Trainee: 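A single structure is presented below for examination.
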Amino acid sequence: MGEGRDVGCINGWDRHRIIQITYVLEGERQSLPVRFISTGFFGVGKNERLASLLYLMKTFKIAVLPGDGIGPEVMTEARRVLGAVESRFSMSFELNEARVGGVAIDHDGEALPAKTLEICGDAEAILFGSVGGPKWETLPPNEQPERAALLPLRKHFGLFANLRPAVCFPNLTHASPVKESIIAGGFNVLCVRELTGGLYFGQPKGISEVDGEPVAIDTMVYKKSEIVRIAHVAFKAAMTRDRRLTSIDKANVLENGVLWRKTVTEVGKEYPEVALNHLYVDNAAMQLIRNPRGFDVVLAENLFGDILSDEMAMITGSLGMLPSASLGLKETALGRFGLFEPSGGTAPDIAGKGIANPIAQILSVGMMLRYSLGEPLAAEAIEVAVRRVIDSGLRTGDIFSEGTERVGTEAMGRAIAAAI
Ligand code: NAD
């Protein structure tokens, strides 16, 4: 080991100091953050030496892209929660912030500057806020923030799996448009949507003139390998939950549905612990409202997943509480590279007022820890902290009800960070 440099102190406790150790390995200078535990005499008898007990810390590189509207406000709280995770768990985060969306159009002339893409490529995960707003709505559609930033990011990193948990907390059921008798006790469904295939991308596609009138064509295409890889994501997610998977298709009408059902059934044989059932998409749309508690993980292709995940978000009643993950092709021993963001948008109606609900952004940090960084305990700590704070009666305006305490974005973030 070489020299040590003191780079900070967590909780104000000396024995929780983080020290940057610099050393030379095979001629190359390396550096490692370690946690200082204590100094004392270690060893036995003659071999006893005064030494410091140090604890190796994992450092994760995260690209932080707050974006527009409420994005920067809720991202500040997500960063606060990351700080609390650092204090409690043996890990540290190198957060590299970059511009994306409207703010990038204003500063850099494009929604996804090369520098931002470079920072994302250099990271283990992307923590994304949201992009867009009235200021940029008059731009040509292809230059508007969502289309010019999110779609290229999805394409560049092959983000093929979209995970959207629809969680209705037991004491927030009043916010749901569904009858209390149906959702008493809340529900927790995870929607796994294929994101890069199907009707949205299949060729041929377009509008042409046939027999003197315009004709529109969209083509639904799925290769077996695309179904296999998304099915594995869904089965693996089910393994960490209640081990029930409902696969959605339209196998009674569409050839895609036939291949989908057959392939998912085949993949399911590798996961005998997971109970698999199949539903036609029209029936699924009804059953999700009739009995959301009957579902654990729902797997769907791109178009069906788009519609059903919005339906599920709606029946939770609180958009500001819902995170989402888009997982990519790059896989490590810890998990898949991914982009983690709230399900909602930039909420221009409340931006700048300090009243947005930061929970969706904070829970997207939890998803990042679980799916990209292989840290399920830290993810769970965030989820438990959110539940505790909700149970304690704190509410932002979007989930407020009589008899609870209304707080702003920062107070909610601070309470969750303190509960970790
Ligand atoms: P939105 O999700 O921004 O807002 C819908 C409603 O939900 C609003 O009343 C808003 O105040 C509320 N809301 C959303 N998030 C909230 C939160 N965290 N706390 C409290 N209330 C919250 O959807 P919209 O109005 O259709 O879109 C606004 C802008 O966001 C548009 O420019 C759209 O293009 C963009 N958008 C971006 C993304 C993204 O970046 N992924 C997604 C959706 C919409």
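What you see is a predicted model, and the numbers here were worked out from it, not measured in a lab. Nothing fancy with the numbering, it's 1 onward along the sequence. Each ligand, and each atom within it, is numbered from 1 in the order the structure gives.
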Trainee: Please determine, by modelled atom types, if T59 and S92 share a side-chain donor-acceptor pair under 3.5 angstrom.
Mentor: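 Checked: T59/S92 side chains pair up, N/O donor to acceptor below 3.5 Å.
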Trainee: List by chain and number: which residues place a heavy atom under 4.0 Å from ligand 1?
Mentor: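 I70, S130, V131, G132, G133, E137, E146, L150, L319, G320, E341, G344, G345, T346, A347, P348, D349, I350, A356, N357, D398.
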Trainee: For the rings on F337 and F157, is their centre-to-centre separation under 6.0 Å?
Mentor: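 Yes, the ring centres sit under 6.0 Å apart.
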Trainee: Find out whether the Lys NZ or Arg CZ of R406 is both under 6.0 angstrom from the six-membered ring centre of F400 and within 45° of the ring's axis.
Mentor: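 Judged by the rule (NZ or CZ under 6.0 Å from the ring centre, within 45° of its axis), R406 counts as positioned above F400.
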Trainee: Using distance alone, with no hydrogens and no angle criterion, decide if N96 and D122 have a side-chain donor and acceptor under 3.5 Å apart.
Mentor: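 No, no side-chain donor-acceptor pair sits under 3.5 Å.
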Trainee: What residues form a side chain to side chain contact (heavy atoms under 4.5 Å, CB included) with A237, not counting sequence neighbours?
Mentor: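 Here the qualifying residues are L190, Y371.
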Trainee: Is a side-chain donor-acceptor pair under 3.5 Å present for D68 with T346?
Mentor: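 The answer is no; no qualifying pair exists.
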